[in-house]
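Quick notes on the structure that follows.
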Amino acid sequence: MDTATRPYRSVLYIPGSKDRALEKARSLPCDAIIFDLEDAVAPEAKPQARETLANALKEGGYGKRSKIVRINALTTEWGLEDVRALRDAGADAILLPKVNTPSDVDNLADMLGPDMPIWVMMETPVCVFNAREIAAHAQVTGLVAGTNDLTKDLGCRTRADRLPLMTSLQMIVMAARAARGVVAIDGVYNRFRDGDGLKAECEQGRDLGFDGKTLIHPAQVEVTNTAFAPTQSEIDLAGRQIAAFEESKASGQGVAVVDGQIVENLHVVAAQRILAKAAAIAEMAAE
């Protein structure tokens with residue numbers, strides 16, 4: 001499965017320094033894992049975490065889950081060594097924090113070579129302003145909203161409706177869609193025991209167009225997977241729309257009608273996307 005079809009509903013942060021967490025992640029029903037060497041690891045533990053994570057990735061056992069490594073910023077004393085240790089360890093992508101411009105991505109790409117996909121933390125106002133150019137980079141395949149850092153830098157208030165962040169969130173999604181094939185992942189929900197609040201924020205992110213959400217605790221996975229998956233009614237409707245449109249086209253008509261609503265080619269494209277996503281989720285679940 002590639003980035004255009006594979007699910008990224010739940011993207012769980014796992015500390016790269018903790019053997020127990022690395023082992024548990026092999027059995028969690030998340031679609032992707034961000035193995036974190038940055039915020040989740042204390043400065044004095046970073047060298048050992050680097051080695052621990054490299055060994056875990058080489059050992060494998062993570063199934064169909066996408067494996068993304070968040071390194072430390074290249075401007076820190078740890079970033080370069082992170083790249084050297086992890087670029088050939090078996091990750092599916094490297095996640096770069098503290099990005100402001102496409103040249104920051106170039107710096108990482110030069111060290112990785114042309115074949116390793118790059119994800120980018122969208123966590124500064126400058127980065128969001130440059131979102132379209134960053135997403136258009138040849139090696140960028142994912143954008144991750146760093147909503148905590150954005151909130152800090154903007155000096156805005158934390159609200160349940162996330163109104164102060166709405167412009168940033170929409171710019172991230174639009175940049176990903178303009179680039180085509182780039183995944184857009186929503187930021188974390190900090191109150192990990194608040195299932196109702198998580199559900200509401202997942203549904204908001206889904207409705208904005210995000211492919212999934214970053215998570216800070218395994219307890220958040222089930223709610224997130226459900227929110228970002230097509231419902232059975234959406235799957236049924238998609239199938240009926242495609243069938244009705246094909247029938248109308250065969251009789252020389254350019255549109256069809258399903259449940260009292262016009263179905264044109266653009267609706268068929270959206271319906272096909274829903275069915276492809278449902279199939280990809282089923283494939284993940286069959287692991």
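Heavy-atom basis, side chains included; hydrogens, waters and symmetry copies ignored.
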Would the distance check show the side chain of Glu222 and the main-chain N or O of Pro29 forming a donor-acceptor pair, the cut-off being under 3.5 Å? no
Check whether Arg273 reaches the backbone of Val268 with its side chain - one donor and one acceptor, N or O, closer than 3.5 Å. no
For a 4.5 angstrom cut-off between non-hydrogen side-chain atoms, does Ile34 reach Leu12? no
Does Arg87 use its side chain to pair, donor to acceptor, with the backbone of Gly113 at less than 3.5 Å? no
I would like to know whether Asp186 and Arg162 meet salt bridge (Lys or Arg N to Asp or Glu O under 4.0 Å); could you show each step before the answer? CA-CA 12 Å; Asp186 199 359; Arg162 298 199 294 179; 2.7 Å; yes
Any Val83 side-chain heavy atom under 4.5 Å of Ile94 side chain: no
Do Asp36 and Pro15 make a side-chain contact, defined as non-hydrogen atoms from C-beta onward lying under 4.5 Å apart? no
With side-chain contact (heavy atoms from CB on, under 4.5 Å) as the test, pick out the partner of Trp119 among Thr141, Val182, Val69, Val99. Thr141
Enclosure of Gln48 CD (heavy-atom neighbours >12, cutoff 6.0 Å): yes
Hey, does the side chain of Gln220 reach the backbone of Tyr189 with a donor-acceptor pair shorter than 3.5 angstrom? yes
Between Gly187 and Thr214, what is the shortest heavy-atom contact and its length? C-OG1, 3.2 Å
Heavy-atom neighbours of Asp196 CG exceed 12 at 6.0 Å: no
A side-chain contact here means heavy atoms from C-beta on lying under 4.5 Å apart; do Val173 and Gln170 qualify? no
With distance as the sole test, does Asn130 use its side chain to make a donor-acceptor pair with the main-chain N or O of Asn100 at under 3.5 Å? yes
To the nearest 0.5 Å, atom NZ of Lys152 lies from atom OG1 of Thr124 at 9.5 Å
Might you work through the side chain to side chain contact (heavy atoms under 4.5 Å, CB included) test for Tyr62 and Leu22, ending with a clear yes or no? CA-CA 9 Å; Tyr62 292 100; Leu22 293 170; 3.7 Å; yes
Polar side-chain atom of His267 near backbone of Glu264 as donor-acceptor pair, under 3.5 Å: yes
Find out whether Val183 and Val11 are in side-chain contact, i.e. whether some heavy atom of one side chain is under 4.5 Å from a heavy atom of the other. no
Honestly curious: do Phe35 and Trp78 fall in one hydrophobic cluster under the side-chain, below-4.5 Å linking rule? no
What's the shortest heavy-atom distance between Ser10 and Leu215, and which atoms? CB-CD1, 3.7 Å
Other residues, nucleotides, ligands: >12 heavy atoms within 6.0 Å of Gln272 CD: yes
Pair Lys98 + Asp104: basic N to acidic O under 4.0 Å: no
Exercise: identify the closest heavy-atom pair between Val188 and Thr147: N-OG1, 3.7 Å
Has the side chain of Ser248 got a donor or acceptor atom that lies under 3.5 Å from a matching backbone atom of Gly254? no
Please round to the nearest 0.5 Å and tell me the distance separating atom CZ of Phe210 and atom CD1 of Ile172. 5.0 Å
Heavy atoms of Arg65 and Cys30 approach each other most closely as CG-O, 3.3 Å
Hphob cluster co-occupancy, Met284 + Ile274, side-chain heavy atoms under 4.5 angstrom: no
With a 4.5 Å cut-off on side-chain heavy atoms, are Ser17 and Thr52 touching? no
Donor-acceptor check, side chain of Lys213 to backbone of Leu198, threshold 3.5 angstrom: yes or no? no
If we ignore hydrogens and angles and just use 3.5 Å, is the side chain of Asp211 paired with the main-chain N or O of Ile185 as donor and acceptor? no
Looking only at heavy atoms, the pair that brings Arg206 and Ala227 closest together is CD-O, 3.0 Å
Same cluster or not: are Phe245 and Ile235 linked, directly or through other Ile, Leu, Val, Met, Phe, Trp or Tyr residues, by side-chain heavy atoms under 4.5 angstrom apart? yes
Salt bridge (Lys or Arg N to Asp or Glu O under 4.0 Å) assessment of Asp82 paired with Lys46: CA-CA 9 Å; Asp82 288 345; Lys46 289 183 185 292; over 6 Å; no
So, does Asp110 use its side chain to make a donor-acceptor pair with the main chain of Asn107 at under 3.5 Å? no
Checking side chain to side chain contact (heavy atoms under 4.5 Å, CB included) for the pair Leu80/Leu74: CA distance, chi angles, key distance, verdict? CA-CA 6 Å; Leu80 180 58; Leu74 297 180; 5.5 Å; no
Would a hydrophobic clustering, with Ile, Leu, Val, Met, Phe, Trp and Tyr connected at side-chain separations under 4.5 Å, put Val257 with Ile242? no
Could you state the interatomic distance from CZ (Phe228) to NZ (Lys277), rounded to the nearest 0.5 Å? 7.5 Å
Would one find more than 12 heavy atoms of other residues, nucleotides or ligands at under 6.0 Å from atom CD of Gln261? no
Hey, any chance Leu95 and Val41 share a hydrophobic cluster, counting ILVMFWY side chains that come within less than 4.5 Å of each other, even indirectly? no
Hey, mind stepping through Met166 and Gln204 against side chain to side chain contact (heavy atoms under 4.5 Å, CB included) and telling me if it holds? CA-CA 10 Å; Met166 199 53 57; Gln204 182 195 55; 3.6 Å; yes
As a quick check of understanding, evaluate side chain to side chain contact (heavy atoms under 4.5 Å, CB included) for Arg240 and Asp259, giving each step before the final call. CA-CA 10 Å; Arg240 290 190 293 116; Asp259 296 345; 2.9 Å; yes
Considering non-hydrogen atoms only, spot the tightest contact between Pro114 and Gln139 and give its length. CA-OE1, 3.6 Å
In Å and rounded to the nearest 0.5 Å, what is the CE to CG distance from Met122 to Leu143? 5.0 Å
Carboxylate-amine/guanidinium proximity below 4.0 Å for Glu23 and Arg20: no
Return yes if a side-chain donor-acceptor contact under 3.5 Å exists between Asn55 and Glu59, otherwise no. no
Can you tell me how far the CD1 atom of Ile134 sits from the OG atom of Ser103, to the nearest 0.5 Å? 9.0 Å
If you count the non-hydrogen atoms of other residues, nucleotides and ligands that lie under 6.0 Å from CZ in Arg177, is the total more than 12? yes
Considering only heavy atoms from C-beta outward, does the side chain of Met171 approach that of Ser168 to under 4.5 Å? no
Rounded to the nearest 0.5 Å, the CE atom of Met111 sits from the CG atom of Asp106 at a distance of 11.0 Å
Is any side-chain heavy atom of Asp153 less than 4.5 Å from a side-chain heavy atom of Glu123? no
